[in-house]
Structure formats: C-alpha cells, structure tokens
2 protein chains.
Amino acid sequence: MFTKACEYAIRAVLIITMKGKEEQKLSIQHIAKEIDSPLPFTAKILQTLSREGLVASVKGPNGGFYIDPKAKPVSLSQIVKAMEEENVLNTCALGLKECSDTQPCPIHHQVKAYKQKLKHVLQEKTIQMLAKELNEGKTFLRISKKRKK
Amino acid sequence: MFTKACEYAIRAVLIITMKGKEEQKLSIQHIAKEIDSPLPFTAKILQTLSREGLVASVKGPNGGFYIDPKAKPVSLSQIVKAMEEENVLNTCALGLKECSDTQPCPIHHQVKAYKQKLKHVLQEKTIQMLAKELNEGKTFLRISKKRKK
DNA sequence: TTAATAAAGGATATTTTTATCCTTTATTAT
DNA sequence: ATAATAAAGGATAAAAATATCCTTTATTAA
C-alpha cells in the first residue's frame, strides 16, 4: 500500500511523538532501533520529515528529534504527502491515465468507495490520536515481549 | 495498488477475453497496442499468464492468445496471484511483521475493512463479468474517441 | 520438407526504490 | 576557542521492478 519509506516515516513520527520531548530528544539511532528500520535510510526519511516541518530537530550534543507541543497535530495524510505518495489513492487501479466516474475503468466503482474511505482515515487520523492508543496498549508497533512469570 | 506488471496482466486478459477467439487469436503486438503497454514487457507477462493456464496460446502462423470457452471464468484474484502479488492485501499497512487482530498496528482496524472488501471484489469479479460490461460500453479501457458529427 | 511466423525462454539493460557512506554544518560542553 | 556530538546534505551502492533484445521451439502454409 505504501512504500517502505512511507511506512518508516509513519512509524518514526509515531515513536517521536510518544517518546520525544524537547528536553529529551530522540537520536536517529534510537528511532531506527525502536521502529526496526535501516539506520541510514531512516536518517534520510527524518531529513525529509524535518524539512517538511512535521518533526522538529536540533543538531549537536543532546540533539535529536521531537515534536513541538505547540505544533498542530499531524495527520497521516500529511506524512504520506511529505513522502510524495499522495497519489497512492488517486490513481486508477488498472493504471489508466483516463479513469473517472464518467469514463470508469472496469473496476473503478468497486475500488472507489474503499479509496475514499481510506483517504478519509488518512485525513482524519492524527499521529497524536494513534500515539495515544499506542500508549494505552490498544495498538502495537513492535512485538510485545512475553512477560516473565 | 498493483504493480505495472499486474495492471498490464489484468488489462491483457480483459482484451483477450473480449477479442480473442480460438479461430482468431490475438498477437502480442495486437494486445500491447490495445492496452497501451510496452510490447516486450507485455510478452513476458503473457508468458506467465499462459504458463499459469489463465490464457491459452498457440505458436506459429495464425498463432496468438485466446480464452478457451470451456475454461472456468478467471477471477481477478487468480491474475493477481499469478503475478505473485497476492500479498498486496495481506500485509500490514505499516510494514510490521507482526500485525493481527490481537496485536494490531496503529491503523490495523481502519485498514482492515478496506482490505477485506477489496479482497472480496477480487475474488468475486471475473474477467468475464468485466468484459461484458466493457462490451456494453459501461466501462472503458481506453479513451473513447470523440465521434465525428 | 522448407520457409515463415509467432510465442517461449534466457540474458541483459534501464529505472526506481531502498540502503549506505562520507563530508559539512550546527550546537553544546569543556 | 576547541573538541565532541548529532543532524543535514551530497554522492554512491545494492536490490527490485520495469523494459528490451536475442535465440529457441512449435506450428502452419507453401
């Protein structure tokens, strides 16, 4: 559905939102380990996210990534857009250049409803909402270790 | 959503179903032109589809591709499977190895419904059904030329 | 039986995505 | 000021997807 880059991006912003504070920023190393992603590739993605203003970053000792608590919540679609994948849900499922309600491809109608719903999810769901559910243990980003007896 | 290879595959089988008859088979050239796809790449894809038994083919003069009228209708998911993309709808949207109803990723539930419905569409819709709608002018594979006055 | 035709198959090339490495810049602590 | 640290940025490498080319095999028509 998304590219690896986009998957890592969403996971990274989630971790930064959950664990990054202005007084204790997260390093690339920490983030990559936490989301189990290749470190240098993750660094590139964080560069993009930082440039796009979706995460805050500071260089140097004690530097790293965090979310400005004054900043507006970040929607999933903002991240998808930052990773230049906005068209995942806007292109024809059969790859036709011309495909629309008036000139639909053979599966246009069947696919349309679901694309729209998903688009809505991406627009409405913010990283902050998802981070909350993660904190509450309702959802997961990594395999929850079996607790010792 | 699908790879180019899979898009071409679906479009190719549709064209073969609509226009290919045992007594008048379709050449690779004809198919590639019809679905506006790169010829040699399309040839490769047709090889796969033929090997998987989703289309019939004959070599030599007057050879080409057609659909055996005695064969069972082909579902979209059969094509997707033949192109080895069955997992498009079975993998976690955030790329997690472990993601399930009991250990859901942050967007598992939101995405699940979408994936299931789409999976259902792929299983239920056959190329024959879609070809019928194409023939009836209800759907399109190429830009319909504006008719002259 | 031979020549022509058209798909099958194998090898190779190009492009995009994924991933890595190295140098530069900003920031902090000493 | 200087050294250490950590992200930013640029250049490069590896892998996968897309695309092309050439030879072989099967079939048909002459």
Contact under 4.0 Å: A:Y8 side-chain N or O vs C:dA19 OP1/OP2: yes

Touch class at under 4.0 angstrom, heavy-atom based, for A:L26 against every strand present: sugar-phosphate

Length of the CD-P vector between A:E84 and C:dT18, whole Å: 13 Å

Test salt bridge (charged side-chain N to carboxylate O under 4.0 Å, His left out) applied to B:K21 - qualifying residues, sequence neighbours left out: none

Closest-nucleotide ordering on DNA chain C, the 5'-leading residue of B:P61 and A:P38: B:P61

Outermost DNA chain D nucleotides near chain A [under 4.0 Å, heavy atoms]: D:dA4 to D:dA11

Donor-acceptor pair between A:T3 and A:E85 side chains, under 3.5 angstrom: yes

Under 4.5 Å side-chain linkage, directly or through intermediates, the cluster mates of A:V58: A:Y66

Whole-Å gap separating P (C:dT18) and CD1 (A:I35): 14 Å

Protein-nucleotide distance (B:K4, atom NZ; C:dT14, atom C1'), rounded to Å: 16 Å

Sugar-phosphate only, base, or nothing, as touched by B:K44 at under 4.0 Å among non-hydrogen atoms: base

Distance-only polar pair, side chains of A:K119 and A:N90, donor-acceptor under 3.5 Å: yes

Atom-to-atom span, CD of A:E85 to C1' of C:dT18 - whole angstrom: 12 Å

Modelled atom types, side-chain donor and acceptor of A:H108 and A:D101, under 3.5 Å: yes

Closest-nucleotide 5' rank along DNA chain C - winner of A:P40 and A:K59: A:P40

Interatomic distance where CG belongs to A:L46 and P belongs to C:dT18 [whole Å]: 16 Å

Side-chain donor-acceptor pair present, B:T42, B:S37, cut-off under 3.5 Å: yes

